[in-house]
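Before any comments, here is the structure.
Letters A, B, ... are given to chains in the order of the sequence lines, protein chains preceding strands, and every chain is numbered from 1. Note that the structure is a prediction, hence the values are computed from the model and not measured.
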Protein chains: 2
Amino acid sequence: MPRGGATAQKSGEEPQDQIRPLADVSALPRSNGGRTRQLNEDRILRAAEAVFAEAGFNGTTMQAIAEAARLPKANLHYYFGTKEGLYRALLNRVLDGWVDAFDHFQPDREPADAFADYVRDKMRFTRQRPMASKVFANEIIHGAQHVSHYLKTKLRDRVDEKAVVIADWVKSGKMASVDPHHLFFSLWAVTQTYADFDVQVAAVLAKPKLGREDLDDATNHILRLVLRTCGLPETRPETGPETGPETGIEHHT
Amino acid sequence: MPRGGATAQKSGEEPQDQIRPLADVSALPRSNGGRTRQLNEDRILRAAEAVFAEAGFNGTTMQAIAEAARLPKANLHYYFGTKEGLYRALLNRVLDGWVDAFDHFQPDREPADAFADYVRDKMRFTRQRPMASKVFANEIIHGAQHVSHYLKTKLRDRVDEKAVVIADWVKSGKMASVDPHHLFFSLWAVTQTYADFDVQVAAVLAKPKLGREDLDDATNHILRLVLRTCGLPETRPETGPETGPETGIEHHT
DNA sequence: AATTTTTTTGACCATTTGGTCAGGTTTTTT
DNA sequence: AAAAAACCTGACCAAATGGTCAAAAAAATT
């Protein structure tokens, strides 16, 4: 936390007594170990994720991000150059956590377990970083101009690779016949819809917003859907125990 | 802005010879039967759908729509007042075709047929009006500020109504146990993903863009997915014959 | 302590954009 | 044909926005 303060980003009105946002600034260390850049970039990216998710690239103003990050606008430009640069940096961050889940599809695994783990991973991402999902969705809807190369190389390769695994499972009779590629599209669609279209889901469910339980229901539904589609046995009853260890992970994002 | 377009949008430079958008104006009828307004509004809405879909609300400029519609910007304001007004008009148009497909879920129907028809309807919409789907998706992702009321009333009511039908099917043993609401979310997700995320799908499939065959494949996959999920028999083999009668319908929208 | 490097920030600017308007043209009505 | 209504549009704003910059404050290095 930079010492800054409430940082009235405009000029003008700032009553002397209200500028003390953090308690006892004087006690904080006078400097960090040269990690200023990293800390600030992270702070900005976090703010940017929220703002870009809500307003899209064009709807987002640098000023809005600056306010969300509690930093002057010029500071963002100091770290990321341009709005586009910041956006790209953010996209990279989001994409990183995207293909990792594919690792669950190993040839020697039990298909049912692989799918179950994959779905749970995806839904965990949906729950923990819905904003990131929205930023990505927005980018794709608007033509994927900044990530098309990534889609056509890294993502496609990864999908093709895992499609073979699934095709082999089908061939060896371990699961019902399903088009692997379209299966992936379906998996992405049904999991990410709870992040991207959360407002719609909540509206239809008559909830003010989606809660943990709603997403657990969704996860169970999706597990059923996938396993049935693949002609696999519906494994664990799926209720409480498995959702345990989530604390400990800082979720301040 | 993206386009480097010709069409000098400022004043100043405009070569005389490029201002002729439609060929042979002199041959057109000198007047229409008082349908000028309707025709122009339609023309503008059609252009707006494409532009809003590609750029989102904030990324869209009235100038861009004007160029797409081949009309001066002031003309749009004449018909729709504000950008917001035009956007709302467009959303209404899109929403109209949204809940109609629900009609397939009639208590006395065979579940398998109802689901199949619903999926085909949805996929037809995806194929014929992908832009409309994107406009809607964009609106929801960004908080559904203009349609939240619609979601919480008309859509919710309609879904609840049909959820009962499905629940009854389940109770009477006509289909496997499935959460009706989440089933709808899944249906929407897997069908609309081929419109909203078409770029991603195309990239993964290594196609320059999605073709008719790709969407047919997708439809068949989704039919399998849905029927298996609901424990229903996979009806027709699904190949050629059923996709026949699509001509005759004007699809210029 | 002096020096160099990094970070911070208010003020400023060029461009873009939604929206207006007055005057003109076309179509419909009388 | 005249009057009224509807439609068209170039020219013009005020506000918003991405980006710049120079000078100063902090931090790291010597």
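Atom pair A:L39:CG and C:dT6:C1' shows a separation of 14 Å (rounding to whole Å applied). When the C1' atom of D:dG10 is taken as reference, atom CE of B:M62 falls 16 Å away, rounded to whole Å. Between the P atom of C:dG19 and the CZ atom of B:F80 lies a distance of 14 Å, rounded to the nearest Å. Distance A:L76 CG to C:dG10 P: 12 Å, rounded to the nearest Å. Rounded to a whole Å, the CD atom of B:E41 is 14 Å from the P atom of D:dA6. Taking atom CZ of A:R70 as the reference point, atom P of C:dT8 lies 16 Å away to the nearest angstrom. Taking atom CG of A:L86 as the reference point, atom P of D:dT17 lies 16 Å away to the nearest angstrom. At whole-Å resolution of the value, CD in A:Q63 and P in D:dT20 are 16 Å apart.
Within the structure, every side-chain polar atom (N or O) of B:N58 is placed at least 4.0 Å from both OP1 and OP2 of C:dT17. Applying the 4.0 Å criterion to OP1 and OP2 of D:dC8, one finds that B:Y79 has a side-chain N or O inside that range. Here A:R37 does not reach the OP1 or OP2 of C:dT6: none of its side-chain N or O atoms lies under 4.0 Å away. Between B:Y78 and the phosphate of D:dC8, there is no side-chain N or O to OP1/OP2 separation shorter than 4.0 Å.
Considering all non-hydrogen atoms of both residues, A:N58 and B:A55 come closest at ND2-O, 3.9 Å.
Under the 3.5 Å distance criterion, with hydrogens and angles disregarded, no donor-acceptor pair is assigned to the side chains of A:D217 and B:H181.
For a distance-only test at 3.5 Å, the side chain of A:K73 qualifies as a donor-acceptor partner of the base of D:dG19.
Put simply, the side chain of A:D42 reaches to within 4.5 Å of the side chain of A:R46, judged on heavy atoms.
For A:H77, whose side chain is taken as the heavy atoms from C-beta onward, the closest listed nucleotide among C:dG19, C:dT7, D:dG19 is D:dG19. Among D:dT9, D:dG18, C:dG10, the nucleotide with an atom closest to any side-chain atom of A:P72 is C:dG10. Nearest nucleotide to the B:A74 side chain, out of D:dC8, C:dT17, D:dG10: D:dG10. Among D:dG19, D:dC7, C:dT7, the nucleotide with an atom closest to any side-chain atom of B:T36 is D:dC7.
A ring-centre distance under 6.0 Å is not found for B:F136 and A:F197.
Of the possible donor and acceptor atoms, none in the side chain of B:E49 sits under 3.5 Å from a partner among the backbone N and O of B:L90.
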